[in-house]
Amino acid sequence: MTKKINFTIAFLFIMVFCTIMGKTVAAAATPADVKLVINNEQVTADVMPFIQNDRTLVPARAVFEALGGTVNWDQSNYIVTIEYDGVIVILKINDTVATVNGRNKTLDVPATIKNGRTMIPVRFVAEELGFLVGWINSTRTVTITSSEKTDVRPVITGYVTEVSVEEGTSNKENTIVTVQMSEPLKAPEDYSTMNLTSPDRFVLDVKNFLVDSKVSGLTYDQKDSPLTAVRVSAYNENAVRIVCDLKEATTPTVSLSADGKTLTISFRTLSTYFNPMDDGKLVVMLDPGHGESTAGKRSPDGTLKEYEFNRTVANKMKNILEAQGIEVLLTVNDDSDPSLANRCESANNSDADIFVSIHANAFGNGKEWTTPKGWEIYHYQGSVLGNRLAAAISSSNFPEIGILNRGIKTGNLYVIKNTYIPAVLIEHGFFTNIEEVELLKSDEWRDKAAQYNAEGIMNFLNSYIE
Ligand SMILES: [Zn+2]
């Protein structure tokens, strides 16, 4: 079942009062008008821009005073003079010859008068004065941007035209927020995300976009969804900020459509409603860290390579879990060392319900034995399910595993941050500690570690199965 709730509201014909450089003008916008964006801010003037012979004409005074220029009107000679940063442009009404610092230039369309306002061809004048002029065709918007020599402002690309939310059909996509844009994002870097806490929020910023006046926020009320509301605002002069208010910290999947015009934010089911059996199977992804040729990652005496320990324990866990009917996937099946991004991609593109990364620890320069020792487990900060998985694995390991418990820790480690399922990373002891490395090399100890890890995983999964 998919419910689509559209939260845009009808555009209302309204009287708008806007302030341009300290001047207040009463203005009426009509839908047929050309919109006007000056230095990334949408502005309204009493006579709005219009198009004539493919050229956009704008009100001289409203536009160029807003940009910091000076505009003089010579009523007796029908001449308008615009000055900015040492450049003087002079236009005469109904005359296709203009002068720029005294030199004659020919216009396609002359300046004209409409409703008592002097309307001038914007591209010609603005570019002569050193401004950047853009055109957003879908929304009929002309953009004019100051370009300062040391700090060129980004030019607005388009509008966020719609924000909606719908109920998804799986654990991984419980709630889907869709952000629609009038134009494609120019580059993937034009959007960014972050998590905020107290209260928990997820933030998506879309750079170089404005928010359409029709777009409003929305609330969402589904008991198994982490989402409670979406707010949309102009974050600063050149970014739209979409804030998702959450019941708990969670990192959703964000994807950009092939045409670059739709951003999709997919939230997983609220942790208390986490259901790993929703697709009829339990799937665990194990991630044995590093590879045979990864630099360092070996004991000072060279008798233990971390990758070999990681793979052996992961394979032992795989056998134990599979014997219990659990499907096990590995991020790597040979001695190679896939990138961390590849490892996360494997998880994010799979049916896996949880992700467990297998490692052993190191301290010092790697050439000498050092004293730090013990077992520890990491989950991503704020991940409710990551914390529960870490707690389950930790409690099945201790005290049986027989080494120091350094505890449950939170961290920004890449693989636990960038996987969208509950994820942990286990550091099984230090191969730079002369005593602990002997445990790490021992097959019996590896069997124990694999057994306790598998039990912890099964305890965690069982707690979510009816
Ligand atoms: Zn490692």
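Each ligand, and each atom within it, is numbered from 1 in the order the structure gives. Keep in mind the model is a prediction, meaning the values are calculated, not measured. We number each residue from 1, following the sequence as shown.
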Name of the H290 atom (N/O/S only) found closest to the Zn ion (ligand 1) = NE2

Taking both backbone and side chain into account, is any N, O or S atom of E306 nearer than 2.8 Å to the Zn ion (ligand 1)?
-> yes

Side chain to side chain donor-acceptor pair (under 3.5 Å): which pairs involve residues 279-292, sequence neighbours left out?
-> K281-D351, D287-T331, D287-R343, D287-S357, H290-E306, H290-H359

Closest to the Zn ion (ligand 1), which N/O/S atom of H359 is it?
-> ND1

Within 45° of the axis and under 6.0 Å from the centre of the six-membered ring of Y159, does NZ or CZ of K214 qualify?
-> no

ring-ring contact (aromatic ring centres under 6.0 Å, His included) filter on F64, not counting sequence neighbours, yields none

Would E438 and K441 pass as an ion pair if we require N to O under 4.0 Å?
-> yes

